[in-house]
Trainee: 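First the structure, then my questions, so here it is.
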There are 2 protein chains.
Amino acid sequence: MRDARYQQIADDLRSRIERGEYPRGGKLPTEKELMEYYDASRNTIRDAVRLCVNLGLVQPQAGRGTFVTEEINPLVITLTRGGPSVGGETAQYLSEVLPTQHDARSSVPRVEVREAGIAPELRLGAGATVVSRHQERYLDGRPWSLQTTFYPMDLVTRGATRLLGPDNIEPGAVSYLSEALGIEETGWRDRVIVRVPDPAEATFFQLADDGRVAIMEIRRTAFQASGAPVRLTVTTCPADRNELLFSTGQVPAESW
Amino acid sequence: MRDARYQQIADDLRSRIERGEYPRGGKLPTEKELMEYYDASRNTIRDAVRLCVNLGLVQPQAGRGTFVTEEINPLVITLTRGGPSVGGETAQYLSEVLPTQHDARSSVPRVEVREAGIAPELRLGAGATVVSRHQERYLDGRPWSLQTTFYPMDLVTRGATRLLGPDNIEPGAVSYLSEALGIEETGWRDRVIVRVPDPAEATFFQLADDGRVAIMEIRRTAFQASGAPVRLTVTTCPADRNELLFSTGQVPAESW
DNA sequence: CCGTATTTGTTCGTATGTATT
DNA sequence: CAATACATACGAACAAATACG
């Protein structure tokens, strides 16, 4: 069957954008001009443009015009341990693998005690509780990720009381747990999920509230030697500005 | 500022869906009924429903009605080597880590010789060529992933001529390269990118052509001991039906 | 700073086409 | 074949954001 008219127009706009006829960052013709050019009604033009918006090709701005989306250089997040010694013992937070040429800042943690049900990866019983430490993370002043780490309340009971404090744990919660309780992380498992942002994420990341940009959710469960989970760290970030990298076995250093 | 009316209606629909008032798989009221209930025009109702569609909450079907999206049980793709011996030498294709309780089938590979520029991860010179082997993969009869593996043409020249054959390489290209040329994969690097489907992907995966469902692209570069890349395997699949799993260090076996 | 023009955003009305029941 | 329900398309009006003299 023949495509609808707004689809044909969207296809044409798409190919013009990809041919560079409308350069990145540049302005699309106004709706009025497109109406005349394609001899279509305003609503049909708007349907076509909306399709291009959903494909991430253009971004309309009320009062200004519709602009071709600029290329974004995604930030690379390395999920495996850095350096050549893959078997090393230096467990790291996701945050610590950020490129150093960026200005990374975090909000003060928001600490709560919650039911264990929200962190099923920790495999705690029905009545158990967890400490959650939530942070907003910024990169070069722009919102970059939301991160929440869940610890079994048990760790606090056993002496790791700083997990309840609202200040940052320096030089890191992993080494704190090692010093305070002798708990060493021997590895972790990362689960990556792509989904639509919830309203809070859409607000924080300044995304359109219509699910246009997906969210990447990384759920890292870290384990100690006994196989018991130590923590669950959930990191969410917009999927269009980030990519993941991880290595298995012996690989050469990245040179790009 | 007050939300637009279609947004308010969409919010209301959303909360009703989440409260279970409209159960999963069930039918939303018709546009006519919603028009009467919210005392809004049909276009406004349609704008509200479209928002819910973009959020993945509902799926309209012409002539039938609008249905609340069913929960998807995502397929888990493990990107690290299986089993407890993380340092083992059994390199695997992504395909081989599929759960065995599914019926996994692949199309006959489409083999082409192409310019090396399309596989920059292989770090080949300007005039070099690569062999590309492309497969469509199905799970339980449904399209599941598209996979293309690129090998330096050099490997064929050195004797791995079966890379050019249009039949499947049994029991796997990795062991074939080991037998034919003594090339052992010592590790790989996976890069994960989330993006909008291109038209070919939208067709194969039977996705809406409007970028509603994101695509996960996994680019696996495998290396030999010398650090030289052996192959690049690019796997794409719909991001809403799949999740990734990978382990670092010592982790207990999955028990769920 | 103000007022006007421009441009996109929202909302209504209406008609017709296409898919399903 | 008729009725129902969503899809496409046109027209019109006003609102809100921005640009500009």
Side-chain angles (χ1 to χ4, degrees), chain A residues 1-14 17 22 25-70 202 206-212, chain B residues 1-14 17 22 25-70 202 206-212:
Chain A
M1 200 220 328
R2 208 181 77 265
D3 262 5
R5 199 123 118 75
Y6 76 94
Q7 300 240 15
Q8 297 174 24
I9 296 173
D11 281 348
D12 190 61
L13 290 174
R14 178 183 188 146
I17 289 169
Y22 302 132
K27 206 154 87 69
L28 225 59
T30 66
E31 292 176 350
K32 195 152 86 104
E33 289 164 338
L34 292 174
M35 282 171 70
E36 286 160 10
Y37 179 78
Y38 291 109
D39 188 30
S41 75
R42 181 158 173 236
N43 284 330
T44 300
I45 294 298
R46 284 182 61 78
D47 280 346
V49 171
R50 172 168 40 230
L51 228 169
C52 293
V53 170
N54 288 341
L55 293 173
L57 295 171
V58 301
Q59 296 168 302
Q61 291 178 42
R64 303 224 309 134
T66 300
F67 296 83
V68 181
T69 304
E70 304 245 25
Q206 297 176 291
L207 302 176
D209 208 10
D210 60 359
R212 208 149 66 218
Chain B
M1 201 222 325
R2 209 180 78 265
D3 262 5
R5 202 122 108 75
Y6 74 94
Q7 301 222 8
Q8 298 173 23
I9 296 173
D11 281 348
D12 190 60
L13 290 174
R14 178 182 189 148
I17 290 169
Y22 302 132
K27 206 154 86 68
L28 227 58
T30 67
E31 293 176 349
K32 194 150 86 101
E33 289 164 337
L34 293 174
M35 283 172 69
E36 286 159 10
Y37 180 77
Y38 291 107
D39 187 31
S41 76
R42 178 150 179 244
N43 283 333
T44 300
I45 294 297
R46 283 182 62 76
D47 281 346
V49 172
R50 173 169 39 231
L51 227 169
C52 293
V53 170
N54 288 342
L55 293 174
L57 295 171
V58 301
Q59 295 169 298
Q61 290 178 44
R64 302 222 311 134
T66 299
F67 297 84
V68 181
T69 305
E70 305 245 25
Q206 298 175 290
L207 302 176
D209 209 8
D210 59 0
R212 208 149 64 218

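Because the structure is predicted, anything quoted here is derived from the model rather than measured. Note on naming: letters A, B, ... go to the chains in the order of the sequence lines (proteins, then strands), and numbering restarts at 1 for each one. Heavy atoms only: backbone and side chains are in, while hydrogens, waters and symmetry mates are out.
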Trainee: Between atom NZ in Lys32(B) and atom C1' in dT4(D), what is the gap in whole Å?
Mentor: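 To the nearest whole Å, that distance equals 9 Å.
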Trainee: For Gln61(B) and Ile45(A), take the nucleotide of DNA chain D holding the closest heavy atom to each; which residue's nucleotide lies nearer the 5' end?
Mentor: Gln61(B)
Trainee: Output the rounded distance in Å from CZ (Arg42(A)) to P (dA13(D)).
Mentor: 13 Å
Trainee: Answer with yes or no whether Arg5(A) presents, from its side chain, a donor or acceptor under 3.5 Å of a partner atom in the base of dA7(D).
Mentor: no
Trainee: Ignoring hydrogens and geometry, is there a side-chain-to-backbone donor-acceptor pair from Glu33(A) to Thr30(A) under 3.5 Å?
Mentor: yes
Trainee: Let me know which of Ile9(A), Leu55(A), Leu51(A) forms a side chain to side chain contact (heavy atoms under 4.5 Å, CB included) with Arg14(A).
Mentor: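 That would be Leu55(A); it is the only one of Ile9(A), Leu55(A), Leu51(A) passing the side chain to side chain contact (heavy atoms under 4.5 Å, CB included) with Arg14(A).
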Trainee: What is the 5' to 3' range of DNA chain C, first to last nucleotide, that sits under 4.0 Å from any heavy atom of chain B?
Mentor: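 So the outermost contacting nucleotides come out as dT10(C) to dT21(C).
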Trainee: Among dA19(D), dT8(D), dC10(D), which nucleotide has an atom closest to any side-chain atom of Arg64(A)?
Mentor: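 Nucleotide nearest to Arg64(A)'s side chain: dA19(D).
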Trainee: Could you check whether any side-chain N or O of Thr69(B) sits under 3.5 Å from a backbone N or O of Leu57(B), counting only pairs where one atom can act as donor and the other as acceptor?
Mentor: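 Yes; at least one donor-acceptor contact below 3.5 Å.
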Trainee: I need the Asp209(A) CG to Asp11(B) CG distance, nearest 0.5 Å.
Mentor: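 Between Asp209(A) CG and Asp11(B) CG, I get 7.5 Å after rounding to 0.5 Å.
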Trainee: Grab the CE-C1' distance between Met35(A) and dC10(D) for me, whole Å please.
Mentor: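 Distance, rounded to whole Å: 9 Å.
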Trainee: Separation of Ile9(A) atom CD1 from dA9(D) atom P, in whole Å?
Mentor: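 That distance rounds to 8 Å.
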Trainee: Rounding to an integer number of Å, can you tell me how far Asp39(A) CG sits from dA9(D) P?
Mentor: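 Answer to the nearest Å: 13 Å.
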Trainee: Atom OH of Tyr6(B) and atom P of dA16(D): how far apart are they, to the nearest Å?
Mentor: 14 Å
Trainee: Would a 4.5 Å heavy-atom cut-off, applied to side chains only, mark Tyr38(A) and Thr44(A) as touching?
Mentor: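 Side chain of Tyr38(A) against side chain of Thr44(A), heavy atoms only: no contact under 4.5 Å found.
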Trainee: Could you tell me the separation between the CD atom of Gln59(B) and the P atom of dC6(D), rounded to a whole number of Å?
Mentor: 14 Å
Trainee: Could you measure the distance from the CZ atom of Arg64(B) to the CD atom of Gln59(B)? Nearest 0.5 Å is fine.
Mentor: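 That separation rounds to 11.0 Å.
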Trainee: State whether Thr44(A) places a side-chain N or O below 4.0 Å from either non-bridging phosphate oxygen (OP1 or OP2) of dC10(D).
Mentor: yes
Trainee: Starting from C1' on dA12(D), measure out to CZ on Arg46(A) and report it in whole angstrom.
Mentor: 14 Å
Trainee: Do Asn43(A) and Asn43(B) have side-chain heavy atoms sitting under 4.5 Å apart?
Mentor: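 Result no, sub-4.5 Å side-chain heavy-atom pair not found.
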